[in-house]
Amino acid sequence: MNHTDQQERAEGTMLTGEQMIEMYKWMVTVRHFDRRAVNLQRSGRIGTYAALEGQEAAQVGCGYALEKQDWLFPTYREHGVSMVHGVPMTTVFLYWNGRPEGCMAPEGVNVFPISVPIATQLPHAVGAAWASKLKGENSIAVGFVGDGGTSEGDFHEAMNFAGVMKLPVIIFCQNNGYAISVPLSKQTATETLAEKAAAYGVEGIRVDGQDAVAVHDAVKYAADKARRGEGPTFIEAVTYRYGSHTTADDHTRYRDVNEAEMWRTERDPIDRLKARILELGIWSEEQDQALWEEADKVVQKSIEEMQAMPPVDHNRIFDYSYAELPWHLKEQREEMRSLYGNGGAK
Amino acid sequence: MNHTDQQERAEGTMLTGEQMIEMYKWMVTVRHFDRRAVNLQRSGRIGTYAALEGQEAAQVGCGYALEKQDWLFPTYREHGVSMVHGVPMTTVFLYWNGRPEGCMAPEGVNVFPISVPIATQLPHAVGAAWASKLKGENSIAVGFVGDGGTSEGDFHEAMNFAGVMKLPVIIFCQNNGYAISVPLSKQTATETLAEKAAAYGVEGIRVDGQDAVAVHDAVKYAADKARRGEGPTFIEAVTYRYGSHTTADDHTRYRDVNEAEMWRTERDPIDRLKARILELGIWSEEQDQALWEEADKVVQKSIEEMQAMPPVDHNRIFDYSYAELPWHLKEQREEMRSLYGNGGAK
Amino acid sequence: MAKMNIIQAITDGLRVALRDDPRVIVLGEDVGVNGGVFRATEGLQAEFGSDRVVDTPLAEAGIIGASVGMAVNGMRPVPELQFFGFIYPAVEQIVAHVARVRMRSQGRFTCPMVIRAPYGGGIRAPELHGDSPEAMFVHQPGIKVVCPSNPYDAKGLLLAAIDSPDPVLFLEPMRIYRAFRDEVPEERYTVEIGKANVVKEGTDISLYAWGTMLRVSLEAAKMAKEQHGWDVEVVDLRTLSPLDRETIIGSVQKTGRAVVVHEAPKTAGLGAEIVALINDEALLSLEAPVGRVGGYDAPQPLFSLEDIYAPDAKRILHGIEKVMNF
Amino acid sequence: MAKMNIIQAITDGLRVALRDDPRVIVLGEDVGVNGGVFRATEGLQAEFGSDRVVDTPLAEAGIIGASVGMAVNGMRPVPELQFFGFIYPAVEQIVAHVARVRMRSQGRFTCPMVIRAPYGGGIRAPELHGDSPEAMFVHQPGIKVVCPSNPYDAKGLLLAAIDSPDPVLFLEPMRIYRAFRDEVPEERYTVEIGKANVVKEGTDISLYAWGTMLRVSLEAAKMAKEQHGWDVEVVDLRTLSPLDRETIIGSVQKTGRAVVVHEAPKTAGLGAEIVALINDEALLSLEAPVGRVGGYDAPQPLFSLEDIYAPDAKRILHGIEKVMNF
Ligand SMILES: Cc1ncc(C[n+]2csc(CCOP(=O)(O)OP(=O)(O)O)c2C)c(N)n1
Ligand SMILES: Cc1ncc(C[n+]2csc(CCOP(=O)(O)OP(=O)(O)O)c2C)c(N)n1
Ligand SMILES: [Mg+2]
Ligand SMILES: [Mg+2]
């Protein structure tokens, strides 16, 4: 129990070379998506966007270790892991375009709508895992949180429930060192976040979040353990976001630019995995260039899909408030239609 | 840092024999108070009451280690520590009699009104300590919580703030093994509560809560440390409540009666301190008998004081809602007076 | 048919739900071994096992949040909050999540769950045990709020709530948990959510109440008859959200006068919404301003003052008199 | 006098408070180095030091709870909640403690503090950033609620709030943080809490609004004049709790008709209380039901729908027309 060091535990990896390549492809796609999203925001075609650049290994490594039936409870930054788990890229774009369709994972893809209020979805992950356990299903749940989110009461209550009930859940924390402008040192008096797990009788693992393989292996270990009925795991993936918290702030106000530069040049997760697969002789620079071009096409196609969407259907404000609309909502919907039309409703 | 064992740390005690006797006297008084309160509830003369019998050492030991200027943020069970800190017994009786006067500590006695919602007053203790620090005052703050209360989000947020800001605060936890009917094993997956402190970079101390001297020394150590500016301490005092959670429940529904019996006969805090002072030759059976008689008088006098109170002043509903009553409250107060009179208002 | 009080009817309703639907799970502080602090879950853990009737850690946000996850993943959780006044730590979970799962996911996920909470003052409990913040939840779209005033409705509304595809806040009038018994069918039945009940017909003035205040209102109605010869119509709202407009408006259209009664502070309480609804729909029927008899706009006091704080028959009668003598 | 927008007026108010009163401490998420996500606290940490302008951990209950302890122990904390929609985790602290310290301790302790929160929708932010749960806090006795609609009131109300011996919830209309500038005195001044402001006199109908909705209401008033020749009186409530009865009732007594506008869902919103207040005090003056133009009774949607969700001038005009044509 408690605060094992991932590097010590696993020599090598559970992954095949092919799998590493697949992860690598995801990471490149996610990075490309992310950069395009930032640009779309700059040109006013989507709203405020939370970039993840720098955190691709943490997200893809995590998503790649999960099974189709598993449940995800993401924050606003989990585009990477959500896409790996089956949320279409266009859905993600739609979310940041303020479209309600952006909250809908496809049928069969168990990804909960993004939770904006920090840490509040962690108890949901715990509850979903609890339900899986009660139903005797083979699915586990993963709740996402940032370093800042560990200060919230909901983090505590979720971790404690998970520990007491020994549930098949992973609380996956991307420690990128900052909660908007607040550095970790003002967030907690502990050195690491993984050590907090002990307070709940939960195993805590700290992993290099820039190493996709290490992240994958940690999550796979935790997932297998959860599926065996051996309870929850807290994983701290140490990472960094290269840019600002979202497109609405300016990280140079509160971070040393050299720090970001250091991470980008010395600890880039894509460079790192690329070096590994090149070294293994299973990847080439030609393939790499083709991959970036392919990613560009994929993202471009998705953007076009987003832009080709009909105008938002105004009725969506009402139609899912309740299973059946009560009288006052029916009347308000009528009034809305008479004033503003139906938007893009068919 | 972290989870030191009090017994190992201190040989002997910081207390003089005289001080031990003073503590002992408090414990006897508190126990007597408690038993009378339970009886008063049974005969319908006060409302639901939360008995503390069994926890006298934890409470008196704690209260005795504090200074006059210190701040207390008690729960519904802290009658013992509150009285030691200067809240008149009659005030405590009035609280359980549902009287608003029961929430008022005398001027100069920094005891916050009892907080019924669990753990919610712990952030207050943190804030009060923060204010003391900012003002450069020599006072510290103590927040109280039970074993069950450690599961609440507010416990977490308070501990974390205390750790990050290195505040002169003690979070004093009486682990009596149960939160109403829920045993510790269903409350947390950890063995102890003290070990949770590490998750906040806070020193955690586990102490035998039946040993008033040990409790005192632990609290004194933490208080001195806090006053020196060396930050917060979490103290787990392992104790037991002999009776039910309050007079409204029946502990035999959820606890083994033998367990309570064992604590009562083998780990009674009053027996224990008595044995110690008898052994030291500074106390006699005659003194002991006189003490119980004296306690009886003190409590009896206080009960009479409570009963001699004029009927409750109805205006108290309104008069402290705001510094100055807004119009609607003035009107409502008028209406109340016209319907029900003024109660015991002068 | 068996005679049951409200608490027994609730226990019976929970038993039926646990028996008929394997997705139902009861959870909360002290609901298991102890059977709840009011004995609402008495015997259920023994009957259905500790997987289905679960003692949780002391953490309201955790209880409600975990219930959200369970509901989304196919269960029908019935969490208990020990008292309505302890719902505050769970407000975030309820208003940001429970009420919004269906909307946020545009129907992809749903959150059918029933949050039970003993509600209202009057049992000489310590502070916050007697708070009545129902207006908070009536204001929040996406969650329904019901409150029975008698054993029959208690079981019927509870089963309707557990069957409901929407989340429901189920408020239990604790002051009258054991006040009286009624005939309650032993089999499954439901009382429709969204329907008020005219419990006493009358022609002079409409009295709207729910939960504990219903019987106090009936008492005031009786006094109004005796002292003034006024014939008071008493409407038990039963569902606080969504309101039963038809019944509420129908009554005041008939009587031309109305008073709303609740324990919560008057300002911005549910009474204000009912006044506003009458303003919207029946202003021209009104012969006098609609009266509101609420708790005072001061925090719920310690119990020596709670009888003066909450409306009693005398104060309700006074409210009726003001409207009748307008 | 300087020209300032609302955000500058708030920063200026905070600066004056920090300068004049050593007990004042500003705390919250990102308020220090970063100067707040809206730059409301820009430059204050540099000027007053990190002991007085403090970046806290990410924990709303902790922030408000710690502020309670500070206030009780002699400070004047001014905590910031990053958005009003993130107040939910702190509801327990606010309604059970902040609002009740004075009452619970019967005056022995007080809790003077000002909780600041950017409020309302309209900035294309993600979910919950645009929630408007003010009614929750108006319903809670013991805490005052204010909301300026212009730079002058912003600074004046903020300084009055910080001076107030009672806790105050200070709502900042973020959509118009930078929408316009007004003359704002550089020295200390206060705007009295509890006083509404008739910003445009009129004779045909009274429009009650606050914060962001004030200017939208003025626009609707202009349209009403242009399109129908109606002379609309527009009242800026400024203080939401306690309400300024005199001004509210005075206006409707004059005009005989009224509409309340807010962004929050209509049902059980603050509009209901204003309708009820008018019912209480001016029913006989009414020539038509008081209209309510609110957000819809559905959760605040993602931003592609927020312009349709919140009242705009067109919808307010529609509300005015319904009342005028009654
Ligand atoms: C309850 C709540 N409070 C405040 C916010 C505003 N907010 C959004 S992101 C953020 C910082 C989160 O930091 P962290 O948890 O480290 O995650 P990161 O953004 O770094 O991934 C804050 C304060 C929020 N969304 N929810
Ligand atoms: C927020 C909140 N939830 C629930 C309750 C009801 N309640 C009162 S005491 C109690 C158990 C507390 O147990 P513990 O913290 O161990 O303290 P103890 O009573 O044993 O001293 C509960 C659940 C409450 N007072 N506050
Ligand atoms: Mg972070
Ligand atoms: Mg306990």
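Just so we're clear, the structure is a prediction, and the values are computed from it rather than from any experiment. Order of the sequence lines sets the chain letters (A, B, ...), proteins ahead of strands, with each chain counted from 1.
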Please answer whether the main-chain N or O of [Y] pairs with a side-chain N or O of [X] as donor and acceptor at a distance below 3.5 Å.
{"X": "B:K135", "Y": "D:N73", "result": "yes"}
{"X": "B:W327", "Y": "D:L243", "result": "yes"}
{"X": "D:D166", "Y": "B:Y322", "result": "no"}

Chain B contacts, top residue of [options] (heavy-atom pairs, under 4.5 Å):
{"options": "D:L58, D:V68, D:I64, D:I25", "value": "D:V68"}
{"options": "D:P242, D:G194, D:G142", "value": "D:G142"}
{"options": "D:K144, D:M103, D:M70", "value": "D:M70"}
{"options": "D:P167, D:S164, D:G107", "value": "D:G107"}

Side chain from CB out, backbone as N, CA, C, O: work out which of these in [X] comes under 4.5 Å of a heavy atom of chain D, or both, or neither.
{"X": "B:D319", "result": "neither"}
{"X": "B:E107", "result": "both"}
{"X": "B:F318", "result": "neither"}
{"X": "B:V111", "result": "backbone"}

Would you give the length of the straight line joining atom [atom1] of [X] to atom [atom2] of [Y], rounded to the nearest 0.5 angstrom?
{"X": "D:F109", "Y": "B:Y320", "atom1": "CZ", "atom2": "OH", "result": "14.0 Å"}
{"X": "D:E92", "Y": "B:E152", "atom1": "CD", "atom2": "CD", "result": "8.0 Å"}
{"X": "D:D280", "Y": "B:H328", "atom1": "CG", "atom2": "NE2", "result": "12.0 Å"}
{"X": "B:C103", "Y": "D:R100", "atom1": "SG", "atom2": "CZ", "result": "12.0 Å"}

Closest heavy-atom pair, B:M165 versus D:T56, reported as atoms and distance to 0.1 Å, is CE-CA, 4.3 Å

Between B:A131 and D:M75, which heavy-atom pair has the shortest distance, and what is it? CB-CG, 3.5 Å

Less than 4.5 Å to any heavy atom of chain B: does that hold for the side chain of D:E60, its backbone, both, or neither?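 Backbone of D:E60 only, per the 4.5 Å heavy-atom cut-off to chain B.
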
Between D:I193 and chain B, which part of the residue has a heavy atom less than 4.5 Å away: side chain, backbone, both or neither?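 Neither part, no heavy atoms under 4.5 Å.
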
Min side-chain heavy-atom separation [X]-[Y] under 4.5 Å:
{"X": "D:S105", "Y": "B:F112", "answer": "no"}
{"X": "B:P117", "Y": "D:H97", "answer": "yes"}
{"X": "D:R52", "Y": "B:L134", "answer": "no"}
{"X": "B:S321", "Y": "D:P141", "answer": "no"}

If you count heavy-atom pairs under 4.5 Å between each of [options] and chain D, which one has the most?
{"options": "B:G102, B:A125, B:P100", "result": "B:P100"}
{"options": "B:A141, B:G153, B:P123", "result": "B:P123"}
{"options": "B:P326, B:S139, B:A158, B:P106", "result": "B:P106"}
{"options": "B:E331, B:E324, B:H156", "result": "B:E331"}

Has D:E246 got more than 12 heavy atoms of other residues, nucleotides or ligands less than 6.0 Å from its CD?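 Not more than 12 within 6.0 Å, no.
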
Pairing of B:E101 and D:R108 as salt bridge, 4.0 angstrom limit: no

Between the side chains of B:H124 and D:Q93, does any donor sit under 3.5 Å from an acceptor?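 Indeed, the side chains of B:H124 and D:Q93 share at least one donor-acceptor pair under 3.5 Å.
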
